[in-house]
Amino acid sequence: MEHSTFEQPLPPDRDLNATRGHDQDGRARGPKWHVYPELAAAGLWTTPTDLARFAIEVQKTARGDAGRVLTRSSVVEMLSPVGVGPFAVGFVIENEGEGWYFSHTGGNRGFRALLKAHRAKGYGVAVMTNADRGGEVMMEIGRRVAKAYGWDSLDQPVPR
């Protein structure tokens, strides 16, 4: 994940490539972005490409390929349900179509993100928006990607 960081606030060299968040009405937020002290829950700055690379690492390691970063036991835990509901460690997991998908959504003031991937088939989507209402756009992009690439399920791409 070459373009990802938990640095808060963003250093000037990374800020050059960061976008400005927008509110419910599409207006630019006052400050370009907000500093979150809760790094685990809200502090990751990343790109759709880095999220996709992360999903590919999870998929390959789950398949049994030697992971470059993640261990097989960590990935098994990340993709196994815990407690009640469709929740694993860091992901929502759901059986759709012909198999299991793992996903995670994110949202901070002015930003929304989606990562959804098939556990075994090697496909997925990573979408980010710089708007509070970005969820609608992410769902539409997810549906179009699933249809264009013949995913086995055209269910909602965003976890329910």
Side-chain angles (χ1 to χ4, degrees), residues 1-6 18-19 21-24 26 33-34 36-160:
M1 296 182 67
E2 298 171 15
H3 304 287
S4 301
T5 186
F6 280 99
T19 187
H22 292 76
D23 67 17
Q24 292 283 347
W33 38 262
H34 182 75
Y36 288 91
E38 313 89 342
L39 295 184
L44 177 64
W45 282 93
T46 191
T47 65
T49 301
D50 275 1
L51 283 179
R53 286 183 179 130
F54 173 68
I56 291 167
E57 173 79 3
V58 170
Q59 290 168 323
K60 286 181 174 181
T61 306
R63 236 185 2 244
D65 298 350
R68 293 184 339 195
V69 177
L70 301 170
T71 65
R72 176 108 166 104
S73 63
S74 293
V75 168
V76 167
E77 187 173 357
M78 293 166 71
L79 299 177
S80 299
V82 294
V84 178
F87 303 103
V89 178
F91 290 120
V92 171
I93 53 171
E94 296 178 290
N95 186 291
E96 297 176 10
E98 299 173 5
W100 290 92
Y101 287 81
F102 60 95
S103 61
H104 188 87
T105 58
N108 289 338
R109 185 174 179 260
F111 300 93
R112 298 293 177 266
L114 162 70
L115 171 66
K116 184 165 185 172
H118 194 285
R119 178 180 174 152
K121 293 194 174 184
Y123 50 71
V125 65
V127 183
M128 301 176 104
T129 71
N130 63 329
D132 285 335
R133 296 183 69 186
E136 299 165 19
V137 172
M138 289 187 317
M139 287 174 53
E140 183 61 27
I141 291 170
R143 279 192 292 273
R144 289 179 186 219
V145 167
K147 184 175 181 181
Y149 289 95
W151 289 17
D152 62 48
S153 171
L154 297 179
D155 287 349
Q156 293 290 346
V158 178
R160 291 178 273 289

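From a predicted model like this one, the values you see are computed outputs, not experimental measurements.
Listed for the His104 side chain is a donor-acceptor partner under 3.5 Å among the backbone atoms of Gly90. Between the Arg112 side chain and the Met128 main chain, no donor and acceptor come within less than 3.5 Å of each other. No donor-acceptor pair closer than 3.5 Å links the side chain of Asn130 to the backbone N or O of Thr19. Asp132 contributes a side-chain N or O that, together with a main-chain N or O of Gly110, makes up a donor-acceptor pair within less than 3.5 Å.
Among the candidates Tyr36, Phe6, Trp33, the single residue satisfying the ring pair (Phe, Tyr, Trp, His ring centres under 6.0 Å) test with Trp45 is Trp33. Only one option out of Glu140, Met138, Lys116 pairs with Val127 in a side-chain contact (heavy atoms from CB on, under 4.5 Å); it is Met138.
We find the CD-CG distance between Gln59 and Leu79 to be 9.5 Å, quoted to the nearest 0.5 Å. Taking CE from Met139 and OG1 from Thr105, the interatomic distance works out to 11.5 Å, rounded to the nearest 0.5 Å. One finds the CZ atom of Phe54 at 7.0 Å from the CE atom of Met1 (value rounded to the nearest 0.5 Å). To the nearest 0.5 Å, atoms CZ (Phe102) and CD (Glu94) are separated by 13.0 Å. Atoms NE2 and CZ, on His22 and Arg109 in that order, are 12.0 Å from each other to the nearest 0.5 Å. A distance of 12.0 Å separates CD1 of Ile141 from CD of Glu136, quoted to the nearest 0.5 Å.
No hydrogens or angles considered: a donor-acceptor pair under 3.5 Å links the side chains of Ser73 and Thr71.
In this structure, Arg133 places its CZ atom where only 12 or fewer heavy-atom neighbours from other residues, nucleotides or ligands lie under 6.0 Å away. Surrounding NZ of Lys60 are at most 12 heavy atoms belonging to other residues, nucleotides or ligands under 6.0 Å away. Environment of CZ in Arg144: sparse, with no more than 12 heavy atoms of neighbouring residues, nucleotides or ligands closer than 6.0 Å.
Electrostatic pairing of Arg53 and Glu57 does not count as a salt bridge here, judged by no charged N lying under 4.0 Å from a carboxylate O.
Closest heavy-atom contact between Ser80 and Ala88: O-CB, 3.2 Å. Looking at every heavy atom in both residues, Arg119 comes nearest to Ala62 through NE-CB, 4.2 Å. In this structure, Val75 and Val58 approach most closely via the heavy-atom pair CG1-O, 3.7 Å. Contact detail for Ser4 and Thr47: the closest heavy-atom pair is OG-N, 4.4 Å. Taking both residues in full, the closest heavy atoms of Asp152 and Glu98 are given as OD1-N, 3.2 Å, listed atom of the first, atom of the second, then distance. What you find for Ala126 and Ala52 is that their closest heavy atoms are CB-N, 4.1 Å.
Taking the six-membered ring where the residue is Trp, Tyr101 and Tyr123 present tilted rings, their angle falling between 30° and 60°.
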